[in-house]
2 protein chains.
Amino acid sequence: MATIKDIAQLAGVSLATVSRVINQTGNVSPALREQVLAAVEALNYQPNAPARSLRRRETRLIGVLIPQLNHPFFGTLAYSIERFLFEKGFRIMVCSAEEDADRESEYAQVLVRQRVDGAIVAPTGLDLAWAEHFAHARIPIVLIDRDLPGVPANRVMVDNWQGGYQGALHLIALGHRHIGVISASRHSQAMQDRLQGALQALRDHNVVHQVYEPDVETLQQYDLGFHAALHLLKQQPAPSAIFALTDVAAIGAMHAAVREGLSIPDQLSVMGFDGIELGAYLIPALTTVAQPIEQLGNVAAELLLKSISRAQTEYELVVLPTQLTQRASTGAWRGAR
Amino acid sequence: MATIKDIAQLAGVSLATVSRVINQTGNVSPALREQVLAAVEALNYQPNAPARSLRRRETRLIGVLIPQLNHPFFGTLAYSIERFLFEKGFRIMVCSAEEDADRESEYAQVLVRQRVDGAIVAPTGLDLAWAEHFAHARIPIVLIDRDLPGVPANRVMVDNWQGGYQGALHLIALGHRHIGVISASRHSQAMQDRLQGALQALRDHNVVHQVYEPDVETLQQYDLGFHAALHLLKQQPAPSAIFALTDVAAIGAMHAAVREGLSIPDQLSVMGFDGIELGAYLIPALTTVAQPIEQLGNVAAELLLKSISRAQTEYELVVLPTQLTQRASTGAWRGAR
DNA sequence: TACGCTCCTGAAAACGTTTACAGAGCTTGT
DNA sequence: ACAAGCTCTGTAAACGTTTTCAGGAGCGTA
């Protein structure tokens, strides 16, 4: 591969001049500039990013550490971050921890070693090992989606508690008095907040409820929802509505209900949480507590760039509102089956 | 951040010795090794990857360039690649071209500048600009999912033509004589192959058919399927079955059918192509021509590592079989509506 | 002519590693 | 006692950039 030295030789100038032309820094006479550009063209020169990073002490690379890449919510999140940062000249390295704390910590180390300028992290659980790595390296991070008390960083998320409350309230308002709740994870702060919010609403209105929480972390979220729903539907009295704290789990739950011969929403209402695009196209379309996914990503990216440019000591917490998106999968209670 | 120099100073040894300990290369006496490791621990030392890459002339970084990150098929693909390569000590940089040739080419340049050791590319269209960048830099690539004639590279894909034929045949065998086909893109070779395969089957059996092809590339694949189906259902005679060449488009199509008051599969059969996990949880569960997604990713990654280690001049083409996965969204023709 | 500008250019150091090379201290066999 | 061969360690060069510094050329002014 051609180096700056080859360019200099071909153009008959010094290394410094080539560098100045490439980076458009400092003054170079038009004649030399032309020669350099011609040489760059001729040799298909592409600057060596590692060398540049080494010298400049910045990589213009941002780490994005999420629990699961192959998941509509996190996929959309990563996507929106990518789009925002691309415009600003930053590239991202997406790492999927696969809901595993060890892997998460391992990836944090990888990002530190790559000397990313910053990182956006949606933590897998309550384990903070990964955060240590960034802290030691003084790499600024932004926490997204899942709050983590005690981490000195900017945070962007929705009010999960409120969303949980709001979702449960929707079902209660429809007349449901036996409600099943499916949590997607025992160790995620976001899930806990949603669950507590929902439980509060249920208690506030004296609604009979049953909670399903998975024993182990799993990547099979559809399957989780499926089995959780099967379990809940076997309870006595059977719930007339299910609130899954994740859209993906809700989809699994819907499938289970239909498998059991129940029609949605006539015999069972199902609602989710997240607001993934897919929800609108399901049959029936999924009622959900929607997060502003794109906005979460954009705000996080913006905040990160801010803390990269000027080392700030004040950390912001941005809380975005959830929105109840009512569609066809929930309906009024029609009486006992 | 601590450097190797700091470690050397603290441990009272030379840079070379530290390097030898860290990389477990060459012999170092147990005593010194201990001192070095202690210093590494004390200073939270993390090797500087850019510096290392510069010197070693390898990054152990693999570029993954896909048309769309936020898409179940490509998400799963990226995920399986990531998992395979992580084991082997390689990290990936995921880039999403968003079905845009310019952006794709831009990202190829980015990867070249990062000096990735290799790249796995699922091309967006027929534009080969991106391939030039890798070729000039002599960076080995593996083409995945979408074939591209004339690119000197390893290729891993399914037999899309055969899959298209197979899918159409399934509908024909069910007795359908008016079939609509939805293509997801005009410019993707994979889509064209699927389409031609399907058309061949339809012609072979004298089946009336209608094809919908989008005019412009879009990222809204659900929406594409939705509108395509609405369009097809308006035709006279209306199709009794729809074959969407993408699962995501099939989901949109199912939604459109229900919106039009048709029940699936009684009044309209819908089938897709890809075999995304989600398909099994839809209501009704989606019949599809399934690709072995994980396997595609693994084989591609394996092939890439092979061509990185020993510069090969022979390029392989691996064709994996598709599998017709029959579920609930297709059924026998019940007579004219 | 001498001086002080501005504009342009190149030499050289630096970024944090790895590694070729050489030297120092041992052991071993003669 | 000495050569030869180990094992261990350090010095210094190299990887491809960016950037500081100094100096030369040209020009207007005193």
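Here is how names work: the chains are called A, B, and so on, in the same order as the sequence lines, proteins then strands, and each is numbered from 1.
The distance from the CG atom of Leu111(A) to the SG atom of Cys95(A) is 4.0 Å, given to the nearest 0.5 Å. To the nearest 0.5 Å, atom CG of residue Asn154(B) and atom CG of residue Leu303(B) are 4.0 Å apart. Here the CG atom belonging to Leu320(A) is positioned 5.0 Å from the CD atom belonging to Gln295(A), to the nearest 0.5 angstrom.
Near DNA chain C, meaning a heavy atom under 4.0 Å from it, residues 3-10 of chain A has no residue at all. Using a 4.0 Å cut-off on heavy atoms, the residues of residues 31-55 of chain B that approach DNA chain D are Leu32(B), Leu54(B), Arg55(B), listed by number. Residues from residues 16-28 of chain A that place a heavy atom under 4.0 Å from any atom of DNA chain D, listed by number: Ala16(A), Ser19(A), Asn23(A).
Rounded to 10°, the angle separating the first-five-pair axis and the last-five-pair axis of the helix from dT1(C)-dA30(D) to dT30(C)-dA1(D) equals 60°.
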Under 3.5 Å, which donor-acceptor pairs do the side chains of residues 61-71 of chain B form with other protein atoms, sequence neighbours left out?
from: Gln68(B); atom 1: NE2; to: Leu219(B); atom 2: O; distance (Å): 3.2
from: Asn70(B); atom 1: OD1; to: Thr76(A); atom 2: OG1; distance (Å): 3.0
from: His71(B); atom 1: ND1; to: Phe73(B); atom 2: N; distance (Å): 3.1

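The nucleotide range of DNA chain C contacted by chain B, defined by atoms under 4.0 angstrom from heavy atoms of the protein and reported 5' to 3', is dG16(C) to dT19(C).
Look at Glu106(A) and Arg91(B) and you find a salt bridge, because one of the NZ, NE, NH1 or NH2 atoms lies within 4.0 Å of a carboxylate O, short of that distance.
Applying the side-chain contact (heavy atoms from CB on, under 4.5 Å) test to Ala129(B) and every residue at least two apart in sequence or in another chain returns Ser105(B), Asp127(B). Residues meeting the side-chain contact (heavy atoms from CB on, under 4.5 Å) test with Ser29(B), sequence neighbours left out: Ala31(B), Leu32(B). Looking at residues two or more places apart in sequence or on another chain, you find a ring pair (Phe, Tyr, Trp, His ring centres under 6.0 Å) between Phe86(B) and Tyr107(A). Qualifying side-chain contact (heavy atoms from CB on, under 4.5 Å) partners for Asn23(A), counting only residues two or more places apart in sequence or in other chains: Ser19(A), Thr25(A), Arg52(A), Arg56(A).
Sorted by first and then second residue, the side chain to side chain donor-acceptor pair (under 3.5 Å) pairs involving residues 111-123 of chain A (not counting sequence neighbours) are Thr59(A)-Asp117(A), Gln109(A)-Arg113(A), Arg113(A)-Gln46(B).
Counting only distance, with no hydrogens or angles, the side chain of Ser188(A) and the backbone of Ser185(A) share no donor-acceptor pair below 3.5 Å. For Asp6(A) (side chain) and Thr3(A) (main-chain N/O), a donor-acceptor pair under 3.5 Å exists by modelled atom type.
Looking at Leu85(B) and Leu305(B), their side chains come closer than 4.5 Å, going by heavy atoms from C-beta outward.
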Short heteroatom pairs, N/O only, protein and nucleotides 25-28 of chain D, under 3.5 Å:
none

